[in-house]
Peer 1: 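Submitted below is the structure of interest, expressed as structure tokens.
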Amino acid sequence: MATLPQLTLDFNHKVKLSNDGGSLSSDTGEFIFREFDEKIGFSETLAKHLNLKDDRLYYFHSNENLLRQKIYQIIAGYSEDDAADQLTKDPVFTQIIGTDALASQPSLSRFFKRFDSQSIAELNLANQDLIDKAHQIRESKALIFDLDSTHSDTYGNQESAAYNAHYGTVGFHPLVAFDGVTGDFIKAKLRPGNVYTSNGVVDFIQPLIEHYNEKFPETTPLVRGDSGFAIPALYDLCEKESVYYVIRLKANANLQRIADELHPSSMTSEVTNTECYYEETIYQAKSWSKPRKVIIKSIRPADELFFTHSFFVTNLIDAFSPKDIVLSYQKRGTMENYIKEAKNGFYLDKMNSHSFQVNEVKMMLSLLAYNLTNWLRTLCFPEEQKTMQIETIRTRIIKVASKLVKSGRSLYFKLSSSFVYQEFFWKVLRRIQNLKLE
């Protein structure tokens with residue numbers, strides 16, 4: 001640990017800086033996350049599902065503690081494993097993890113390598129258990145599976161990295177699913193960079209659909225996806241499992257002809273006004289086993305001569321108008337914000353290991369860190385702050401200075417008296433402790 005004995009500032013020679021203050025921390029707000037963690041059984045649930053091939057005879061850091069340490073480092077904004085070397089004696093982190101010192105970067109690296117495909121699947125099951133608990137606490141009446149894929153850049157000779165023509169660069173092509181209602185990160189799967197968007201999507205989502213149909217039979221899920229997921233096998237699965245879907249279609253000559261017949265482009269007297277129409281028709285592509293309802297949105301912008309058409313295949317019943325169905329699909333745009341936060345705030349796309357499997361483990365830990373944060377803000381933040389992003393959360397409640405004072409058996413963390421957001425800090429903590437789980 002590098003230590004400057006003292007540095008005098010040029011603008012005022014009376015001001016001296018040093019980093020030998022002792023038992024201080026700049027991450028006191030991590031205690032709020034740990035309190036919420038205990039309340040919902042987050043770490044306890046992960047521990048039940050954490051089964052690694054660990055041949056260590058003697059060790060200081062358990063796998064459960066290593067998992068918790070990495071998740072809490074992500075939440076605090078420390079993306080690099082070697083941040084642990086500087087945080088090793090941090091009084092807040094050591095209390096959160098329950099050890100005298102944090103594990104080092106090499107210990108974390110060895111921890112990731114103890115995972116295999118089965119233990120990664122177990123993490124997904126743990127995540128599902130926790131999502132189910134949040135679903136019950138919220139008494140959710142709706143569930144939307146928003147499907148998408150994203151890109152993760154890679155560097156050097158990384159296993160399964162490949163060129164993706166859509167993104168125009170080399171990397172991985174993860175498949176992700178969020179709940180469009182709550183923002184929960186339901187599932188993620190790391191894939192090689194050169195696979196198509198819909199590759200493996202049926203195997204990816206089928207266990208989710210079956211799980212929710214069994215666990216929450218009173219809820220009828222809705223599946224939303226862009227044209228990359230417009231495959232008959234996904235429609236067939238949804239129809240078989242009595243799940244609604246709205247999926248955008250790529251335009252083709254037949255669809256374009258139908259749309260042009262409904263709204264031919266012609267000169268109008270009101271060319272300065274925008275025209276927009278929503279229609280429905282029955283259509284069957286050659287690859288489909290049967291005809292299906294297709295919604296057509298036709299729009300002619302002001303001062304334009306021609307209509308542009310968008311197409312959506314759906315099994316939503318007649319109670320939903322064509323316009324309602326299109327507007328429901330358009331709300332899928334919020335998913336882009338979920339993905340952006342997961343990548344920029346929780347480092348979902350930080351793939352810096354040569355091993356493909358290790359990279360998938362890191363992706364799963366980012367997912368879990370994202371979800372713990374999302375459950376905290378949606379269940380315990382005041383209504384006006386429930387959409388707060390992680391960067392703001394770090395500023396408002398995590399990055400809080402405190403000093404540790406020991407007195408008998410008690411540990412007093414003295415927060416800065418000039419802490420600007422202290423009212424919000426204490427309000428969230430009280431709401432956690434008053435949260436009713438039954």
Side-chain angles (χ1 to χ4, degrees), residues 33 42 46 67-81 83 108 111-112 115 120-121 123-124 126-128 130-131 145-155 158-162 164 166-167 169-180 182-193 195 197 199-201 204-205 208 228 332-378 387-394 398:
F33 283 80
F42 178 79
L46 294 183
L67 178 63
R68 183 187 297 166
Q69 177 182 325
K70 181 57 182 176
I71 290 173
Y72 276 82
Q73 282 185 208
I74 292 171
I75 291 171
Y78 303 117
S79 62
E80 301 291 345
D81 295 345
L108 288 173
F111 166 68
F112 296 137
F115 281 83
I120 293 173
L123 280 185
N124 267 306
N127 182 57
Q128 187 64 67
L130 290 162
I131 289 175
F145 294 124
D146 273 333
L147 293 171
D148 210 342
S149 63
T150 186
H151 180 77
S152 301
D153 286 331
T154 56
Y155 305 93
Q158 292 181 252
E159 185 181 0
S160 295
N164 186 289
H166 176 75
Y167 293 100
T169 187
V170 174
F172 299 124
H173 193 192
L175 180 60
V176 296
F178 286 82
D179 182 350
T182 65
D184 289 347
F185 200 158
I186 302 176
K187 191 175 182 181
K189 181 174 179 59
L190 190 62
R191 305 180 300 179
V195 302
T197 302
N199 185 279
V201 69
F204 176 80
I205 200 171
L208 291 176
R332 180 182 171 276
T334 58
M335 187 186 185
E336 297 299 327
N337 294 329
Y338 301 151
I339 294 175
K340 183 178 179 180
E341 184 181 24
K343 293 171 77 169
N344 296 342
F346 296 93
Y347 322 112
L348 183 77
D349 60 341
K350 197 168 184 61
M351 305 295 182
N352 53 10
S353 173
H354 171 74
S355 166
F356 182 80
Q357 195 159 262
V358 167
N359 285 324
E360 185 160 25
V361 174
K362 291 187 173 185
M363 181 183 71
M364 280 302 305
L365 300 195
S366 293
L367 178 154
L368 290 166
Y370 170 97
N371 272 342
L372 181 59
T373 304
N374 192 52
W375 297 325
L376 172 61
R377 66 185 164 198
T378 56
T387 58
M388 189 178 286
Q389 298 284 290
I390 183 60
E391 291 86 353
T392 307
I393 293 172
R394 288 184 182 128
I398 295 179

Peer 1: Before you tell me yes or no, could you show the steps for L190 and N359 under side-chain contact (heavy atoms from CB on, under 4.5 Å), namely the whole-Å CA-CA distance, both residues' side-chain angles and the distance that decides it to 0.1 Å?
Peer 2: CA-CA 8 Å; L190 190 62; N359 285 324; 3.9 Å; yes
Peer 1: Are any non-hydrogen side-chain atoms of N374 and F185 less than 4.5 angstrom apart?
Peer 2: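 Sidechains of F185 and N374: no contact.
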Peer 1: Considering non-hydrogen atoms only, spot the tightest contact between V170 and H151 and give its length.
Peer 2: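 Looking at all heavy atoms of both residues, the closest pair is O-NE2, 3.6 Å.
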Peer 1: Does a side chain donor of either N124 or K189 reach within less than 3.5 Å of an acceptor in the other side chain?
Peer 2: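 No.
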Peer 1: A side-chain contact here means heavy atoms from C-beta on lying under 4.5 Å apart; do D81 and K362 qualify?
Peer 2: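 Yes; the side chains approach each other to less than 4.5 Å.
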Peer 1: Taking the side chain as everything from C-beta on, heavy atoms only, tell me whether S149 gets closer than 4.5 Å to R191.
Peer 2: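 Of all side-chain heavy-atom pairs linking R191 with S149, at least one is under 4.5 Å.
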Peer 1: Please report the closest heavy-atom contact between A177 and F204, naming both atoms and the distance.
Peer 2: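 Heavy atoms only, the tightest pair is CB-CE2, 3.7 Å.
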Peer 1: Please confirm whether the backbone N or O of D184 pairs with a side-chain atom of Y338, one donor and one acceptor, at under 3.5 Å?
Peer 2: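 A pair under 3.5 Å: no.
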Peer 1: Going from OH on Y78 to CD1 on I75, what distance comes out if it is rounded to the nearest 0.5 angstrom?
Peer 2: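 The CD1 atom of I75 is 12.5 Å from OH of Y78, to the nearest 0.5 Å.
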Peer 1: Can you tell me how far apart CD1 (I120) and CE (M364) are? Round to the nearest 0.5 Å.
Peer 2: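 Going from the CD1 atom of I120 to the CE atom of M364 covers 8.5 Å.
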Peer 1: Any non-hydrogen side-chain atom of L67 less than 4.5 Å from a side-chain atom of L46?
Peer 2: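 Yes, their side chains come closer than 4.5 Å.
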Peer 1: Return yes if some donor-acceptor pair links the side-chain N/O of Q158 with the main-chain N/O of S353 below 3.5 Å, else return no.
Peer 2: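 Checking the backbone N and O of S353 against the side chain of Q158, a donor-acceptor pair under 3.5 Å is found.
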Peer 1: Rounded at 0.5 Å granularity, tell me how far NZ in K70 sits from CZ in F112.
Peer 2: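 Output value for this atom pair is 5.0 Å.
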Peer 1: Looking only at heavy atoms, which two atoms of S79 and K350 are closest? And how far apart?
Peer 2: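 Residues S79 and K350, closest heavy atoms: OG-CE, 3.7 Å.
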Peer 1: Could you walk me through whether L123 and L365 pass side-chain contact (heavy atoms from CB on, under 4.5 Å), step by step?
Peer 2: CA-CA 9 Å; L123 280 185; L365 300 195; 4.2 Å; yes
Peer 1: Would you say that W375 contacts T182 through its side chain, given a criterion of any heavy-atom pair below 4.5 Å between the two side chains?
Peer 2: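 No, too far: nothing below the 4.5 Å cut-off.
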Peer 1: Run the numbers on D148 and R332 for side-chain contact (heavy atoms from CB on, under 4.5 Å), then give the verdict.
Peer 2: CA-CA 10 Å; D148 210 342; R332 180 182 171 276; 3.4 Å; yes
Peer 1: Can the ring centroids of F42 and F33 be said to lie less than 6.0 angstrom from one another?
Peer 2: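 That pair fails the under 6.0 Å test.
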Peer 1: Quick one: pull up CG in D349 and NZ in K340 and give me the separation to the nearest 0.5 Å.
Peer 2: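 If we round to the nearest 0.5 Å, D349:CG and K340:NZ are 13.0 Å apart.
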Peer 1: Go through the steps to decide whether F115 and E360 satisfy the test side-chain contact (heavy atoms from CB on, under 4.5 Å), and finish with yes or no.
Peer 2: CA-CA 10 Å; F115 281 83; E360 185 160 25; over 6 Å; no
Peer 1: Return the CG to CD1 distance between D179 and I131, rounded to the nearest 0.5 Å.
Peer 2: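 Reported value, rounded in 0.5 Å steps: 8.0 Å.
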Peer 1: Between E341 (side chain only) and Q389 (backbone N and O only), is there a donor and an acceptor less than 3.5 Å apart?
Peer 2: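 Not a single qualifying donor-acceptor pair exists.
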Peer 1: Identify which one of D146, L208, I205 satisfies the side chain to side chain contact (heavy atoms under 4.5 Å, CB included) criterion when paired with I186.
Peer 2: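 That would be L208; it is the only one of D146, L208, I205 passing the side chain to side chain contact (heavy atoms under 4.5 Å, CB included) with I186.
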Peer 1: Report yes if some heavy atom in the side chain of Q128 is under 4.5 Å from a heavy atom in the side chain of K187; otherwise report no.
Peer 2: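 No; the side chains remain at least 4.5 Å from each other.
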Peer 1: Would you indicate whether the side-chain heavy atoms of L108 and Q73 approach each other to under 4.5 Å?
Peer 2: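 Yes, their side chains come closer than 4.5 Å.
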Peer 1: Minimum heavy-atom separation for T154 and A161, please, with both atom names.
Peer 2: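 Nearest heavy atoms, T154 then A161: OG1-CB, 3.3 Å.
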Peer 1: Please check: side-chain N/O of T150 versus main-chain N/O of P174, any donor-acceptor pairing under 3.5 Å?
Peer 2: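 No, T150 side chain to P174 backbone: no donor-acceptor pair under 3.5 Å.
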Peer 1: Might you point out which heavy atoms bring F356 and E159 nearest each other, and give the distance in Å?
Peer 2: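 Smallest interatomic distance, heavy atoms only, reads N-OE1, 3.1 Å.
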Peer 1: Nearest 0.5 angstrom please: L368 CG to T373 OG1, how far?
Peer 2: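 Taking CG in L368 and OG1 in T373, the distance rounds to 10.5 Å.
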Peer 1: Could you check if a side-chain atom of L147 sits within less than 4.5 angstrom of a side-chain atom of M335, using non-hydrogen atoms only?
Peer 2: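 The answer is no, as the side chains (C-beta and beyond) never meet within the 4.5 Å cut-off.
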Peer 1: What is the minimum heavy-atom distance between A369 and I74, and which atoms define it?
Peer 2: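 Minimum heavy-atom separation between A369 and I74: CB-CG2, 3.7 Å.
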Peer 1: Please state whether the rings of Y370 and F178 are parallel, tilted or perpendicular, taking 30° and 60° as the class boundaries.
Peer 2: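 Ring orientation of Y370 relative to F178: perpendicular.
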